[in-house]
Amino acid sequence: AVVSTQSTGAGHLSNYTGPSLNGSGGTETCMYWDYRDDEGNATVYWWKLKAVQFIFVVVFEHFVFTVVRCIDLLIPDIPEKLEALIHLEDSFAREMMKEVIEVDLEQLEDMRKRIEVKRRQRSKYA
């Protein structure tokens, strides 16, 4: 549809809201270009266009996901110094636990010996 852009006086468009926008002065025919047939059903081209739009959205989403994942892999979550400190702390804690376990085992062995000595003493008097 061709829209007339005649200016009247102070820069107003005279036919901006006039009947020239709908094709033929005041009829029910709309000149909007759509991908539908005469009955108003969507055409095959419309469905193909929607499929291409959907594929574009999925591909774009995967592209964004890939870029975010690459950035996530390139930038470490924990700085190297902090990671080394955590590793050092963990190894220190493991060594301390070994010492505690060794002390507990020594105390347990001492206790077993004392119990054995007491059993022998009881058996002498029984």
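Just so you know, these numbers use all the heavy atoms, side chains as well, and skip hydrogens, waters and symmetry mates. Worth saying up front: this structure is predicted, and the values here are computed from it rather than measured.
- T43 places a side-chain N or O within donor-acceptor distance of the main-chain N or O of Y35, the cut-off being under 3.5 Å.
- Summarising the geometry, atom NE2 belonging to H87 is positioned 13.5 Å from atom CG belonging to L82; distances are rounded to the nearest 0.5 Å.
- Looking at L73 and C70, their side chains never come closer than 4.5 Å, going by heavy atoms from C-beta outward.
- Within 6.0 Å of CD in E116 there are more than 12 heavy atoms belonging to other residues, nucleotides or ligands.
- By the rule that hydrophobic residues join a cluster once side-chain heavy atoms approach within less than 4.5 Å of another member, V68 and F60 end up as members of one cluster.
- Two residues are said to be in side-chain contact when any heavy atoms from C-beta on lie closer than 4.5 Å; V59 and F56 fail this criterion.
- The CD atom of E83 sits 9.5 Å away from atom CG of D77, with the distance rounded to the nearest 0.5 Å.
- Listed for the H62 side chain is a donor-acceptor partner under 3.5 Å among the backbone atoms of V58.
- Rounding to the nearest 0.5 Å gives a distance of 13.5 Å between CD of E80 and CG of L85.
- Cluster membership check: Y45 shares its hydrophobic cluster with W47, using side-chain heavy-atom separations under 4.5 Å among Ile, Leu, Val, Met, Phe, Trp and Tyr.
- To the nearest 0.5 angstrom, K50 atom NZ is 13.5 Å from I55 atom CD1.
- In this structure R114 satisfies the salt bridge (Lys or Arg N to Asp or Glu O under 4.0 Å) test with no other residue, sequence neighbours excluded.
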